[in-house]
Amino acid sequence: MNKVVLIGRTTKSPELRYAPGTGTAVCRFTLAVNRPYKKDETDFINCVAFGKIGETIAQYVLKGRQVAVTGSIRTGSYDNNLGNKVYTTDVVLDGF
């Protein structure tokens with residue numbers, strides 16, 4: 001089972017774009033999540049939302065707002081400009 005539930009604050013306002021060709025809304029943002037037992041440690045989690053959820057997040061969520069999200073972890077990779085392979089890990093949202 002691949003299920004993630006996070007509560008944190010946005011590090012900056014979400015960025016909304018539309019996928020070329022399909023026109024699907026793609027909203028990206030980073031969530032700062034404090035560790036429960038380590039007072040001064042924070043994890044920065046990359047999140048992405050598609051479609052109506054992404055449009056709604058972009059409309060109502062601003063920098064510094066606390067938000068709870070649910071989704072799943074997705075990994076991927078791509079080759080950057082220098083030809084190096086870059087690995088990514090994102091939480092793809094299914095609710096907030």
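A salt bridge is absent between D40 and R35; no separation between the charged side-chain nitrogens and carboxylate oxygens falls under 4.0 Å.
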*Could you go step by step and tell me if F29 and L93 meet the side-chain contact (heavy atoms from CB on, under 4.5 Å) rule?*
CA-CA 11 Å; F29 62 96; L93 303 188; 3.8 Å; yes
*Take F96 and I57 through the test side-chain contact (heavy atoms from CB on, under 4.5 Å) and record every step on the way to the result.*
CA-CA 8 Å; F96 74 102; I57 288 172; 3.7 Å; yes
*Kindly indicate, with the supporting measurements, whether the criterion side-chain contact (heavy atoms from CB on, under 4.5 Å) is fulfilled by I73 and T89.*
CA-CA 7 Å; I73 294 177; T89 302; 3.8 Å; yes
*asked:* Could you walk me through whether Y87 and T75 satisfy the side-chain contact (heavy atoms from CB on, under 4.5 Å) test, starting with their C-alpha distance in whole Å, then the side-chain angles of each, then the deciding distance to 0.1 Å, before giving a yes or no?
replied: CA-CA 7 Å; Y87 295 94; T75 59; over 6 Å; no
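For the pair D90 (side chain) and V92 (backbone), a donor-acceptor distance under 3.5 Å is absent. Put simply, the side chain of S13 gets close to the backbone of K63: a donor and an acceptor are under 3.5 Å apart.
Put simply, CG on D94 and CD1 on I53 are 6.5 Å apart, with the number rounded to the nearest 0.5 Å. Taking CG of L31 as the start and OG1 of T11 as the end, the distance is 8.0 Å to the nearest 0.5 Å. One finds the CD atom of Q66 at 10.0 Å from the OG1 atom of T10 (value rounded to the nearest 0.5 Å). With rounding to the nearest 0.5 angstrom, the OH atom of Y60 is 11.5 Å from the CD atom of E55.
Inter-residue side-chain proximity for V26 and L16 is flagged as unmet; no heavy-atom pair is nearer than 4.5 Å.
Open room surrounds CD1 on I7; 12 or fewer heavy atoms of other groups in view lie less than 6.0 Å from it. Within a 6.0 Å sphere centred on NZ of K52, other residues, nucleotides and ligands contribute 12 heavy atoms or fewer. In the displayed structure, K3 atom NZ is contacted under 6.0 Å by more than 12 heavy atoms of other residues, nucleotides or ligands.
Here the options are L6, V4, T30, the test is side chain to side chain contact (heavy atoms under 4.5 Å, CB included), and the partner is I45; only L6 passes.
Taking all atoms of both residues into account, the shortest heavy-atom contact from P14 to A58 is CB-CA, 4.4 Å. What you find for G23 and Y18 is that their closest heavy atoms are O-CD2, 3.3 Å.
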